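Take a look at the structure set out below.
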2 protein chains.
Amino acid sequence: MENVRELFHTMTKRLGLLDRNCCAVGGIELSLVQSHILYEIDRMNEPSMQQVADAIAMDITTFSRQIQTLVKMNLVKKTPYPQDRRVYILSLTPEGKYVTAKIDAEVNEYLGEVFSHMSEFERETVLHSIRLLNECMAKSSVCCKPLF
Amino acid sequence: MENVRELFHTMTKRLGLLDRNCCAVGGIELSLVQSHILYEIDRMNEPSMQQVADAIAMDITTFSRQIQTLVKMNLVKKTPYPQDRRVYILSLTPEGKYVTAKIDAEVNEYLGEVFSHMSEFERETVLHSIRLLNECMAKSSVCCKPLF
DNA sequence: AATAAATACTTGCATGATGCAAATAAAAGG
DNA sequence: CCTTTTATTTGCATCATGCAAGTATTTATT
């Protein structure tokens, strides 16, 4: 087996750059972290602060302040949770939904461009491989343990 | 095509965690950024500061200070370049080489563990896919443009 | 029921990362 | 020469980070 780490490093570096290029929508400029927070809130079902912070593997105190910023930017809403009054449920405001959808579309467009350099068969192979990789990482006891 | 972005997001998130778990060697604790800097210096051939900063897509001023820290930690050496006295050539000290090799071994071990959940054929398919993906990202005009 | 322990979230504080503007120094071009 | 470009460093302001500690609320224990 050749140098596997190098393959992964190159890939994640480039995907990271792609991500970084997708943090501006209209007049709004987001940090990478903020973009990821919106992404997770959008994906999860009525998540609490703690749940999202865990999903992102971010310290809850830093997360708390990031959320304060996003609420001020009118992208995220914090709703008290009646069943447990310690908890806040996070959701996207309409503007937050819009921004998140725009970013999602842009990332997908970029990815589509990358995939346009492949045949249909190659594309399917690559997607299948990533799916498989994700499953194996989920199985692995050694990495990514605390989450998922 | 299902949600491609989600696949990539999950993958990079997990690989990021794996990376973060590989920043401690013996008594030395590195930040992710420092680990990446060592990795690039190790890979490149007698690189200048600017070249490594570009490869990592990091602002040269931040990079300069990170290098100062790594020099103080005795992991990196800055050698004046006689042919152009504005330039410093970066290299790893013996200790830096040791740390970098250790981290490399640890990451590869983790990746090996992940791949152990696959058949030989699947493993080859996944590696081939990543290689292909890297090539297509390199071709793509839309992402990762400034580098490589 | 009363108290202790655990959980969710926030704030204080110190430290470190970031990046622009500006400085220095050296090379390259005219 | 003199101007422009390039490589690196430093000043400065801002933001991110995470530990310790605090508040509020819920759950567990007696």
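In this text, all values refer to a predicted model and were calculated from it rather than measured experimentally. Chain identifiers are assigned alphabetically (A, B, ...) following the order of the sequence lines, protein sequences preceding nucleic acid strands; residue numbering begins at 1 within each chain.
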Roughly how many Å is it from [atom1] in [X] to [atom2] in [N], rounded to a whole number?
X	N	atom1	atom2	value
A:Y81	D:dT26	OH	P	12 Å
B:Q66	C:dG19	CD	P	11 Å
A:R20	C:dA17	CZ	P	16 Å
B:L90	D:dT8	CG	C1'	11 Å
A:R85	D:dT27	CZ	P	12 Å
B:D59	D:dC12	CG	P	18 Å
A:L30	D:dA16	CG	P	11 Å
A:Q34	D:dC15	CD	C1'	10 Å

*Tell me the side chain to side chain donor-acceptor pair (under 3.5 Å) pairs involving residues 91-102 of chain A, sequence neighbours left out?*
A:N74-A:E95
*How about B:L18 and B:R14: do any of their side-chain heavy atoms sit closer than 4.5 Å?*
no
*Does A:Q83 make a side-chain N or O approach to OP1 or OP2 of D:dT26 shorter than 4.0 Å?*
no
*Which residues satisfy the salt bridge (Lys or Arg N to Asp or Glu O under 4.0 Å) test with A:E40, sequence neighbours excluded?*
A:R43, B:K13
*Just jot down the side chain to side chain donor-acceptor pair (under 3.5 Å) partners of A:D42, sequence neighbours excluded, or say none.*
none
*With A:S116 via side chain to side chain donor-acceptor pair (under 3.5 Å) - residues at least two apart*: none
*Upstream residue (5' side of DNA chain D) when A:M58 and A:P82 are each assigned their closest nucleotide*: A:M58
*Contact letters for nucleotides 2-10 of chain C, in which S counts primed atoms plus P, OP1 and OP2 and B counts the base, heavy atoms under 4.0 Å*: -----BSSB
*asked:* Holding to ring pair (Phe, Tyr, Trp, His ring centres under 6.0 Å), I want the full list of residues that pass it with B:Y39, two or more places apart in sequence or in another chain.
replied: A:H9
